[in-house]
Amino acid sequence: MSTTSIFRLLHLLLLQFSLSSVLAAHPKPLTSPYLSPATIHPNYQNMFKFFKIFIYNPNSTFPFTSPSQSLFYTRLQDSHFPTENPEKAHLFFVPFPSDLPPRSVARLIRSLRSELPYWNRTLGADHFYLSCAGIGYESDRNLVELKKNSVQISCFPTPAGKFIPHKDISLPPVPSTPAPTNNTASILGYARFDWVKESTLVNQLSSDPDFLIESKPSDPNTFADRLGGSKFCLFEYGGGEVSGIGEALRFGCVPVVITDRPIPDLPFSDVLRWQEIAVFVRRSGGVVRELKRVLGRACWERHEKMRELGVAASRHFMWNETPEPFDAFYTLMYQLWLRRHTVRYVRRE
C-alpha cells in the first residue's frame, strides 16, 4: 500500500472517530420515557390479549392497609385476566390480608403445596402476592420460598431489606391532589415532606430563599397550583414523604429525590427511564449545597425535556375507576407479564 493510500485511510479513520466522538458528546435527544420504546407497545398488546391469571379463592375479600392494594385487587377481580382453568394460567395470585401473621402465611403456602400441584412445579416462582410492607426473611421453608421465588407486590416505599429488585414490584400511590388551576408561578423548588414529622432537611431548606417549603398543605387548591408552577419538586426518601412523585410528574414538576442509598423499589423501574424524568441527589456532603450544585449545573438545561418526558410517564401513575390503557393497573399487569417466564428451581428434599 502506497504512502498516499495509507494517509487517506488514516484520514478516513480520523474522520470516522471524530464523527463518533461528536455523536457521543451530543446524543440524540430522548423522545420516550421508556426503557424499551420499540417493544413496549407490541408487548403490551400481547399482554392485554393473552395474559391469564389464576386466583386462589377468587371471590374472597380481604382487608388491605393501603388504597393502592385495594384498587389493584378489585381491578384484577373485575378484569378479563382471571381464568378458572389453572392450566391456562401464566401466573398464580395468592391473596391474603395485610395483617396476616407470618405463621398464618406459612400455613397458607403449606396448604397450597400439599393440596394443589401448581406451587410445587416452580416452588412458587410463577406465583405473586400483595404485601404492603413486604415479607421479611424467615426460617420457615414456606416463607423462604415465598420471599425468594414469588413476585411480591408491595407499597412504595417498601421498608429496607424487604424488596428484591429483579422480581418484586411496587404499587404507585393513589393520587390525592387536584389539578392546578394556573401555572404562573416560577420558583426554583417546591418541597413536599411528611408534615407529621418535621425533618432536619425541611428545617435547613426553610431558611433558604431559593426553596419554597410547605410542610402541611392545608389548602389542596393552593398546593396544586404551587406544585404545577414549580420547576423541581423535592422528596426525601427514607425519612420523608415520597408518595407524591407521580403527582409531581403529572403536573410537570421534575422530582428531585434526596437519598442516602439506592432506591430499588421505584414504581415501574423496569418500564420507565427514571434517570431521564427525575434527579437523584445524595444526602452526603451538605444537602442544600449539593442540591444547588446539581440543579444549577446540567439540570436546568435538561429541565424542559425531563418535564415533557415526566408528563408522558405520569399516566402510568393514574388509578382510574375504569382502567384505561397504560394506567397504573394495566402497567402493573404489564410488569407481571414480563415476569411470566419463570425459573424452575431444583427441588431439595
Under 6.0 Å from the ring centre and within 45 degrees of the ring axis: does the NZ or CZ of Arg315 meet both conditions for the six-membered ring of Phe326?
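Yes, Arg315 sits over the ring of Phe326.
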
Quiz item: cation-pi between Lys52 and Phe81, 6.0 Å / 45°
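Pair Lys52/Phe81 does not count as cation-pi.
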
Are Met333 and Val174 connected into the same hydrophobic cluster when the rule is that any two of I, L, V, M, F, W, Y join if their side-chain heavy atoms are below 4.5 Å apart?
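Hydrophobic grouping puts Val174 with Met333.
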
Grouping I, L, V, M, F, W and Y whenever their side-chain heavy atoms are under 4.5 Å apart, do Phe235 and Val311 come out in a common cluster?
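The answer is no; the residues belong to distinct hydrophobic clusters.
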
Without swapping roles, check the side chain of [X] against the backbone of [Y] for a donor-acceptor pair under 3.5 Å.
| X | Y | answer |
| --- | --- | --- |
| Asp327 | Glu324 | yes |
| Arg339 | Lys167 | yes |
| Arg273 | Tyr34 | yes |
| Asp168 | Gln152 | yes |
| Ser230 | Phe232 | no |
| Ser36 | Ile40 | no |
| Asn120 | Arg113 | yes |
| Ser150 | Gly124 | yes |
| Gln69 | Thr65 | yes |

Would a line drawn from the ring center of His80 to the ring center of Phe48 be shorter than 6.0 Å?
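When the ring centroids of His80 and Phe48 are compared, they turn out to be within the sub-6.0 Å range.
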
So, [X] versus [Y]: side-chain donor-acceptor pair below 3.5 Å or not?
| X | Y | result |
| --- | --- | --- |
| Tyr73 | Gln77 | yes |
| His127 | Tyr56 | yes |
| Gln335 | Thr331 | no |

Could you walk me through whether Phe54 and Phe93 satisfy the side-chain contact (heavy atoms from CB on, under 4.5 Å) test, starting with their C-alpha distance in whole Å, then the side-chain angles of each, then the deciding distance to 0.1 Å, before giving a yes or no?
CA-CA 6 Å; Phe54 182 81; Phe93 178 36; over 6 Å; no

For Phe317 and Phe268, take the angle between the two ring planes, folded into 0 to 90°, and tell me which bin it lands in: parallel under 30, tilted 30 to 60, perpendicular over 60.
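The rings of Phe317 and Phe268 stand perpendicular, inter-plane angle above 60°.
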
Passes side-chain contact (heavy atoms from CB on, under 4.5 Å), Ser154 versus Phe163? Steps please.
CA-CA 8 Å; Ser154 57; Phe163 190 91; 3.7 Å; yes

Verdict with supporting geometry, Asp265 and Lys162, salt bridge (charged side-chain N to carboxylate O under 4.0 Å, His left out)
CA-CA 10 Å; Asp265 58 323; Lys162 294 188 175 182; over 6 Å; no

Locate the shortest heavy-atom distance separating Ala328 from Pro172; write the atom from each residue and the value.
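That would be CB-CG, 3.8 Å.
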
In Å and rounded to the nearest 0.5 Å, what is the CH2 to CD1 distance from Trp337 to Ile53?
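Rounded to the nearest 0.5 Å, the CH2-CD1 separation comes out at 10.5 Å.
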
When rounded to the nearest 0.5 angstrom, what distance separates CD in Gln275 from CG in Leu309?
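Answer rounded to 0.5 Å: 13.0 Å.
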
Arg302 and Glu308: salt bridge (charged side-chain N to carboxylate O under 4.0 Å, His left out), yes or no, with the steps?
CA-CA 10 Å; Arg302 299 172 52 211; Glu308 293 176 2; over 6 Å; no

Kindly indicate, with the supporting measurements, whether the criterion ring-ring contact (aromatic ring centres under 6.0 Å, His included) is fulfilled by His316 and Tyr330.
CA-CA 8 Å; His316 300 284; Tyr330 279 127; over 10 Å; no

Could you go step by step and tell me if Glu290 and Arg283 meet the salt bridge (charged side-chain N to carboxylate O under 4.0 Å, His left out) rule?
CA-CA 8 Å; Glu290 184 68 9; Arg283 194 184 305 274; over 6 Å; no

Does Leu76 form a side-chain contact (heavy atoms from CB on, under 4.5 Å) with Thr74? I'd like the steps, not just the answer.
CA-CA 5 Å; Leu76 178 59; Thr74 56; over 6 Å; no

Do Asp140 and Arg110 meet the salt-bridge criterion of a basic N to acidic O distance under 4.0 Å?
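A salt bridge links Arg110 with Asp140.
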
Taking it one step at a time, do Glu276 and Lys305 satisfy salt bridge (charged side-chain N to carboxylate O under 4.0 Å, His left out)?
CA-CA 8 Å; Glu276 303 299 332; Lys305 177 55 65 176; over 6 Å; no

Take Leu35 and Leu272 through the test side-chain contact (heavy atoms from CB on, under 4.5 Å) and record every step on the way to the result.
CA-CA 5 Å; Leu35 289 170; Leu272 299 176; 6.0 Å; no

